[in-house]
Amino acid sequence: MGAESIVILTGAGISAESGIRTFRAADGLWEDHRVEDVATPEAFLRDPELVHRFYNERRQGLLAPEIQPNPAHYALAELEARHSGSVLLVTQNIDNLHERAGSHNLLHMHGELLNMRCGQSGEVSFFEGASSPADLCDCCGEAGLLRPDIVWFGEMPMHMDRIYSALDSCDLFLSIGTSGHVYPAAGFVEVANAAGAHTVELNLEPSRVESAFDEHIYGAASEVLPTYITQFLKG
Ligand code: NAD
Ligand code: APR
């Protein structure tokens, strides 16, 4: 076990068994919507009502009582609680299931569905409702400025300095439930390899960057991840 420094990357696959659709599966989110229509700054300028509605639907879905963390989320919270070294969890997901499972040292590189941001002041506030372009922001008191605090295609992901600094000094890198389609997240394994870390991909099937990993464990996250974490903590 040791005082190893661990960096973990999660993607939509870790929340799939909680009932949240992934992006690129056969019934994935991008099958119903063109990314260009709902998840880009241009889309928001062109049709803010559609973009607000897209994220309102996902927010209400996330708040449904049947959406709960699954054993994979809890396994990562247990690792953080019991591992003597540092554990940084970086998620591409915008849901709050890692927090609800008990993870604390957590960075959302694509933002959070339960936050809204003012496009003028940058102020971020917790939000559980349904938004619209007519909403006034508390900071400027104007309509049309509020947007989901989510990183869209073409925008820079968040917390990148902290993420690269952790990757540069990690001993173990776990990638869980991500297809490796989208950069910069898909390139994290190369940074971890350059740091001399042991790199493990845990996914339903090989990702687009599977060849960069030292170790591969395929299966459903709620099954393979608790087993992996239990073995790891035994040392
Ligand atoms: P992208 O997939 O288009 O690519 C990100 C960057 O990596 C781009 O600069 C691209 O040139 C580069 N890149 C792409 N493929 C590469 C490769 N094979 N090798 C090296 N570099 C490569 O993502 P984006 O347009 O920059 O989107 C920014 C972020 O917004 C992404 O991380 C995306 O996941 C996120 N996003 C979030 C949501 C959401 O709803 N949360 C929706 C869409 C996008
Ligand atoms: N257990 C483990 N892995 C799973 C499971 C599961 N139960 N179900 C699906 N997966 C895997 C799929 O095999 C796939 O490789 O999770 C991955 C999900 O891939 P995507 O749908 O592409 O989601 P993700 O990799 O998170 O997308 C990255 O792209 O659209 C943007 O911002 C969006 O954050 C997202 C980013």
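Counting convention: from 1, in listed order, for ligands and their atoms alike.
Residue contacts with ligand 2, taken as heavy atom pairs separated by less than 4.0 Å, involve Arg24 via backbone and side-chain atoms alike. Under 4.0 angstrom from ligand 2, the non-hydrogen atoms of Val182 all belong to its side chain.
Within the structure, salt bridge (Lys or Arg N to Asp or Glu O under 4.0 Å) contacts touching residues 128-148 (residues at least two apart or in different chains) are Arg147-Glu155.
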Which pairs would a plain distance check flag for residues 217-229, meaning a side-chain donor or acceptor within less than 3.5 Å of a matching protein atom at least two apart in sequence or in another chain?
residue	atom	partner	partner atom	Å
Tyr218	OH	Glu201	OE1	2.9
Ser222	OG	Glu17	OE1	2.3
Thr227	OG1	Glu223	O	3.1

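Each of the atoms 30 (O), 31 (C) of ligand 2 lies under 4.0 Å from some heavy atom of Phe153. Residue contact check: Glu205 has heavy atoms under 4.0 Å from atoms 12 (C), 13 (O), 14 (C), 15 (O) of ligand 2. The contact set between ligand 2 and Ala16, taken as ligand atoms under 4.0 Å from a residue heavy atom, comprises 8 (N). Close approach of ligand 2 to Ala220 is summarised as follows: ligand atoms under 4.0 Å from at least one heavy atom of the residue are 1 (N). Against a heavy-atom cut-off of under 4.0 Å, Gln92 is close to the following atoms of ligand 2: 28 (C), 34 (O), 36 (C). Each of the atoms 1 (N), 6 (C), 7 (N) of ligand 2 lies under 4.0 Å from some heavy atom of Glu17. Counting atoms of ligand 2 from 1 in the listed order, those under 4.0 Å from a heavy atom of Gly11 are 26 (O).
Which of Gly13, Ala12, Ala72, Ser175 comes nearest to atom 16 (O) of ligand 2 through a heavy atom is settled by distance: it is Gly13. For atom 17 (C) of ligand 2, the nearest non-hydrogen atom from the set Ala186, Ser15, Ser18, Gly177 belongs to Gly177.
At a 3.5 angstrom cut-off on N or O pairs, Asn203 counts as close to ligand 2.
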Worked verdict on Ser131 versus His52 for side chain to side chain donor-acceptor pair (under 3.5 Å): CA-CA 6 Å; Ser131 60; His52 276 284; 2.6 Å; yes

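The pair Arg46-Asp37 counts as a salt bridge, with a side-chain nitrogen and a carboxylate oxygen less than 4.0 angstrom apart.
A distance-only check finds no donor-acceptor pair linking the side chain of Glu78 to the backbone of His83 [under 3.5 Å]. Between the side chain of Asp149 and the backbone N or O of Arg117 there is no donor-acceptor pair closer than 3.5 Å. Formation of a donor-acceptor pair under 3.5 Å by the Asn203 side chain with backbone atoms of Glu205 is found in this model. Side chain of His110 to main chain of Gln92: a donor-acceptor pair is present (N/O by atom type, distance under 3.5 Å, no hydrogens or angles).
For His181, the heavy-atom gap to ligand 2 stays at 4.0 angstrom or more. Using a 4.0 Å heavy-atom cutoff, Ser207 is absent from the residues neighbouring ligand 2. Residue contacts with ligand 2 include Gly219, since one of its heavy atoms falls under 4.0 Å from the ligand.
In this structure, the ring of Phe173 has its center no less than 6.0 angstrom from the ring center of His198.
For the side-chain contact (heavy atoms from CB on, under 4.5 Å) test with Leu113, the passing option among Leu63, Asp95, Ile150 is Ile150; the others fail.
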